[in-house]
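Here the structure is laid out as structure tokens; the discussion comes afterwards.
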Amino acid sequence: MARVFNFSAGPSVLPLSVLQKAAGELIEYGSAGMSVMEMSHRSKEYMTIITQAEALLRELMQVPDNYKVLFQQGGATLQFATIPMNLLTTFNRNADYIHTGIWSKKAIAECNRQGHARIAASSEAENFTRIPRQDELDLDPAAAYVHMTTNNTIFGTEFPYIPDVGDVPLVADMSSNIMSREMDVSKFGLIYAGAQKNLGPAGVTLVIIREDLLGRHAGLPLMLDYKVQAEKESMLNTPPTYGIYMLGLVLQWIKENGGIASIEKKNIHKAAKLYQAIDNNDFYCCPTEVESRSRMNVPFTLKNPDLDATFLAEAEQQGLMNLKGHRLSGGMRASIYNAMSEEGIDALIAFMEDFANRNG
Ligand SMILES: Cc1ncc(COP(=O)(O)O)c(C=O)c1O
């Protein structure tokens with residue numbers, strides 16, 4: 001078997017032991033005589049799978065009791081619309097958005113279809129190379145909520161702090177750094193994340209919502225109403241059963257690896273190594289402000305962009321895949337989520353040094 005080092009931004013690398021466990025259980029789960037994929041979502045076996053996944057998630061993230069955990073569909077993109085639908089009220093159609101990249105731009109556009117997204121801060125003028133500081137946030141105390149993107153997958157920036165937004169509910173798109181670092185859930189009104197980076201395969205969207213935010217708006221389509229989804233325990237219709245099972249396996253892997261605190265330490269170490277290799281070599285350049293750098297997505301450029309295609313081709317020959325930067329930011333991007341091993345980082349650094357020596 002020749003597994004490559006997969007630096008894809010998402011869907012992304014999963015822990016090998018998780019894939020192996022899933023492979024071992026693919027055709028028959030336990031003594032059920034069938035695959036998880038073939039089970040009724042209301043069967044006893046499946047109810048145990050989903051209940052355990054939620055319990056483990058609550059344990060690892062220390063989710064307080066007054067929050068609901070929902071497994072939804074439609075990706076983070078559907079949440080861009082579902083959030084204003086649920087959290088804007090008849091009398092308050094205004095929300096604050098901290099604008100830090102393409103994903104916040106999409107979230108803002110969806111909010112503007114339903115109400116008014118006010119920009120509380122933006123780093124667009126600096127090409128999203130940094131995160132606005134707390135003292136730059138111009139917050140409206142009457143906003144229905146404040147929206148942030150904790151990690152900007154495309155531009156490689158990450159909030160080094162949780163904004164203080166007073167009594168206004170803080171809503172966070174954590175798609176690309178969920179469970180990569182400790183986060184105090186009680187500081188947020190709502191957290192959401194597509195699973196396909198740190199939690200499992202695409203198809204499941206995690207929503208964690210404080211109970212007092214349920215039912216702010218009546219008459220929504222049932223599938224898009226958090227209150228209904230919470231009452232039905234994510235079983236209003238058939239949930240993405242296999243994705244939730246895989247998410248449960250990834251959570252077990254996080255637990256076996258010492259929980260989020262331990263994973264965070266490893267992430268700090270892995271990211272520091274890679275940034276250092278970039279900063280110490282003038283063949284490479286990282287465009288982001290040091291304090292705002294993401295531990296999950298590391299963008300960098302080559303001194304001579306004419307060499308980009310050669311760099312990517314040679315990297316692929318060495319099993320270092322998906323390093324091409326997003327089309328909007330150009331250059332390279334190494335996505336180094338929880339499941340990227342230090343061995344993968346070391347292999348990338350060794351290749352980068354060798355490439356620079358031969359082409360510098
Ligand atoms: C931060 C962030 N938000 C939202 C999305 C969109 O997610 P989805 O494709 O699950 O709708 C992505 C996808 O990469 C992302 O990185």
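Remember, it's 1-based here, ligands and their atoms both numbered in the order they're listed. Heavy atoms only: backbone and side chains are in, while hydrogens, waters and symmetry mates are out. Keep in mind that what you see is a predicted model, and the values were worked out from it rather than measured.
- Every atom of ligand 1 with a heavy atom of Phe80 under 4.0 Å away is listed here by number and element: 4 (C).
- Checked against a 3.5 angstrom limit, the closest N/O atoms of Ala76 and ligand 1 fall inside it.
- A salt bridge does not link Glu291 with Arg130: none of the charged nitrogens is closer than 4.0 Å to a carboxylate oxygen.
- Arg210 and Asp212 are joined by a salt bridge, as a carboxylate oxygen and a charged side-chain nitrogen come within less than 4.0 angstrom of each other.
- Between the side chains of Asn257 and Ser262, no donor N or O sits under 3.5 Å from an acceptor N or O.
- Put simply, the side chain of His116 reaches to within 4.5 Å of the side chain of Asn112, judged on heavy atoms.
- Below 4.0 Å from some heavy atom of Gly75 lie the following atoms of ligand 1, by number and element: 10 (O), 11 (O).
- Each of the following atoms of ligand 1 lies closer than 4.0 Å to a heavy atom of Ser175: 1 (C), 2 (C), 3 (N), 4 (C), 15 (C).
- A donor atom on one side chain and an acceptor atom on the other are found under 3.5 Å apart for Asp173 and Ser175.
- In terms of polar-atom proximity, defined here as any N/O pair under 3.5 Å, Ser176 makes no such contact with ligand 1.
- Here's the thing with Asn151: none of its N/O atoms is less than 3.5 angstrom from an N/O atom of ligand 1.
- The proximity of Leu78 to ligand 1, defined as any non-hydrogen pair under 4.0 Å, does not occur for either the backbone or the side chain.
- Proximity of Thr77 to ligand 1, defined as any heavy-atom pair under 4.0 Å, is shared by backbone and side chain alike.
- For His147 and Tyr97, the distance between ring centers is under 6.0 angstrom.
- With respect to atom 10 (O) of ligand 1, the closest heavy atom belonging to the protein is Gln196 NE2, 2.9 Å.
- The shortest N/O to N/O separation between Thr149 and ligand 1 does not fall below 3.5 Å.
- Note on ring orientation: taking the six-membered ring where Trp is involved, the planes of Trp103 and Phe80 are tilted (angle from 30° to 60°).
- At a heavy-atom cutoff of 4.0 Å, ligand 1 is contacted by no atom of Tyr192, backbone or side chain.
- The closest protein non-hydrogen atom to atom 14 (O) of ligand 1 is Lys197 NZ, 2.7 Å.
- Of the protein's non-hydrogen atoms, Trp103 CZ3, 3.4 Å is the one closest to atom 6 (C) of ligand 1.
- Residue Thr153 approaches ligand 1 through these ligand atoms, each under 4.0 Å from one of its heavy atoms: 1 (C), 2 (C), 15 (C), 16 (O).
- A side chain to side chain contact (heavy atoms under 4.5 Å, CB included) with Val185 holds for exactly one of Arg58, Gln62, Met61; it is Met61.
- For atom 3 (N) of ligand 1, the closest non-hydrogen atom on the protein side is Asp173 OD2, 2.6 Å.
- You'll find the ring centres of His326 and Phe155 outside the 6.0 Å limit.
- Here Asp279 pairs with Arg293 in a salt bridge; the nearest charged N to carboxylate O distance falls below 4.0 Å.
- When heavy-atom distances to ligand 1 are checked against a 4.0 Å cut-off, Lys106 has no atom that comes that close, whether in backbone or side chain.
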